[in-house]
Amino acid sequence: MANVAFIGLGNMGGPMAANLLKAGHSVTVFDLVPEAVQQLVDQGATSAENAAAAVEGVDFVISMLPAGRHVEGLYLGESGLLNVLNSSAVIIDSSTIDAATARKVHAAAAEKGIAMVDAPVSGGVAAAAAGTLSFMCGGSDEAFASVKPLLDGMGKNIFHAGDSGAGQVAKVCNNMLLSILMVGTSEALRLGADNGLDPARLSEIMLASSGRNWTLEVYNPYPGVMENAPASNDYKPGFMNDLMLKDLGLAMETAVHSGSATPLGAMARSLYASHVSKGNGKLDFSSILQSLGGND
Ligand code: NAD
């Protein structure tokens with residue numbers, strides 16, 4: 001069993017750290033919010049005064065922070081963790097951040113002889129609690145092999161996407177595609193309903209036809225079609241529009257870096273930006289269907 005420091009105990013990090021404790025690892029935690037720390041201490045974690053104290057003598061550091069600037073602040077600079085970590089420790093950053101920042105932290109860690117894996121997740125809060133997240137990892141073969149047993153305690157599918165930053169790129173590719181599928185499925189259901197079709201019957205037809213996709217299979221955006229989908233629960237998340245917009249912004253940044261054409265991704269980003277600007281940030285991302293208006 002490993003000695004792990006876990007930094008960032010929010011909606012995702014809290015349940016992920018709890019699963020590491022359940023798997024029998026020794027976990028030292030730190031977050032800026034004392035209540036978040038206390039919740040983990042109640043489950044058997046050790047608390048630390050600050051991030052530097054949390055990483056003393058650990059085998060792994062896992063960070064689960066809001067954005068790239070938080071990750072950069074945690075590891076780089078004079079007070080950064082790279083200055084206090086043992087070179088035998090391995091960094092796992094599971095935050096969803098831009099690939100350029102991930103690569104920058106990878107490179108700075110490598111200079112100190114410290115291995116790192118960027119390991120963003122797909123699956124949301126429910127999957128974090130159930131230990132069924134998908135991890136998309138970027139880093140060397142050796143670094144991936146060393147973190148895989150630990151990630152197995154928090155996830156179901158652990159992928160090695162490629163070298164440094166590849167996990168972040170895989171994550172934004174997936175979420176960009178997901179947003180496009182959600183908008184497309186919403187449009188098709190809206191068009192059908194506006195022309196007198198029952199959305200449940202239309203969903204059944206498209207599921208058995210070439211329009212079949214994940215949003216129709218498990219996450220139908222039309223209210224009442226799928227009992228357990230957020231659409232049938234006033235669009236309570238699920239996966240918030242705010243987070244989808246964040247990920248689409250990262251996808252667009254990545255596309256600018258690589259000079260890639262992403263016309264539908266850009267359109268989806270713009271649709272989600274408009275939807276969020278109307279006060280829908282905290283609703284589930286399937287609520288994009290509501291932005292299409294309609295005849296009912
Ligand atoms: P959150 O805002 O709930 O949690 C972030 C935590 O980090 C907070 O508790 C905050 O206090 C802490 N924090 C910030 N800066 C810190 C610092 N310097 N030191 C210690 N703690 C610090 O966010 P979340 O929903 O848990 O998401 C975390 C990451 O996971 C984000 O990058 C997000 O995009 C990604 N993600 C979220 C979901 C989701 O459904 N919530 C799904 C997949 C990926």
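When a ligand or atom number is given, it counts from 1 through the structure's own listing order.
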(request) Using a 4.5 Å cut-off on heavy atoms from C-beta on, say whether the side chain of Ser232 contacts that of Glu227. (result) no
(request) Taking all non-hydrogen atoms of both residues into account, name the closest pair between Glu49 and Ala53 and its distance. (result) N-CB, 4.3 Å
Show me the short polar-atom pairs for ligand 1: any N or O of it lying under 3.5 Å from a protein N or O, with distances only.
from: ligand 1; atom 1: 3 (O); to: Asn11; atom 2: N; distance (Å): 2.9
from: ligand 1; atom 1: 3 (O); to: Asn11; atom 2: ND2; distance (Å): 3.3
from: ligand 1; atom 1: 9 (O); to: Asp31; atom 2: OD1; distance (Å): 3.2
from: ligand 1; atom 1: 9 (O); to: Asp31; atom 2: OD2; distance (Å): 2.7
from: ligand 1; atom 1: 11 (O); to: Asp31; atom 2: OD1; distance (Å): 2.6
from: ligand 1; atom 1: 26 (O); to: Asn11; atom 2: N; distance (Å): 3.3
from: ligand 1; atom 1: 26 (O); to: Met12; atom 2: N; distance (Å): 2.9
from: ligand 1; atom 1: 32 (O); to: Leu65; atom 2: O; distance (Å): 2.9
from: ligand 1; atom 1: 32 (O); to: Pro66; atom 2: O; distance (Å): 3.1
from: ligand 1; atom 1: 32 (O); to: Thr96; atom 2: N; distance (Å): 3.0
from: ligand 1; atom 1: 32 (O); to: Lys246; atom 2: NZ; distance (Å): 2.9
from: ligand 1; atom 1: 34 (O); to: Lys246; atom 2: NZ; distance (Å): 2.8

(request) Measure across Tyr272 and Ile288 and return the closest heavy-atom pair with its distance rounded to 0.1 Å. (result) OH-CG2, 3.5 Å
(request) Only counting residues at least two apart or in another chain, list the ones meeting side chain to side chain donor-acceptor pair (under 3.5 Å) with Asp234. (result) none
(message) Do Val61 and Leu85 have side chains that approach each other closer than 4.5 Å (heavy atoms only, starting at C-beta)?
(response) yes
(message) Is the ring pair Phe285/Phe239 parallel, tilted or perpendicular, if the boundaries are 30 and 60 degrees?
(response) perpendicular
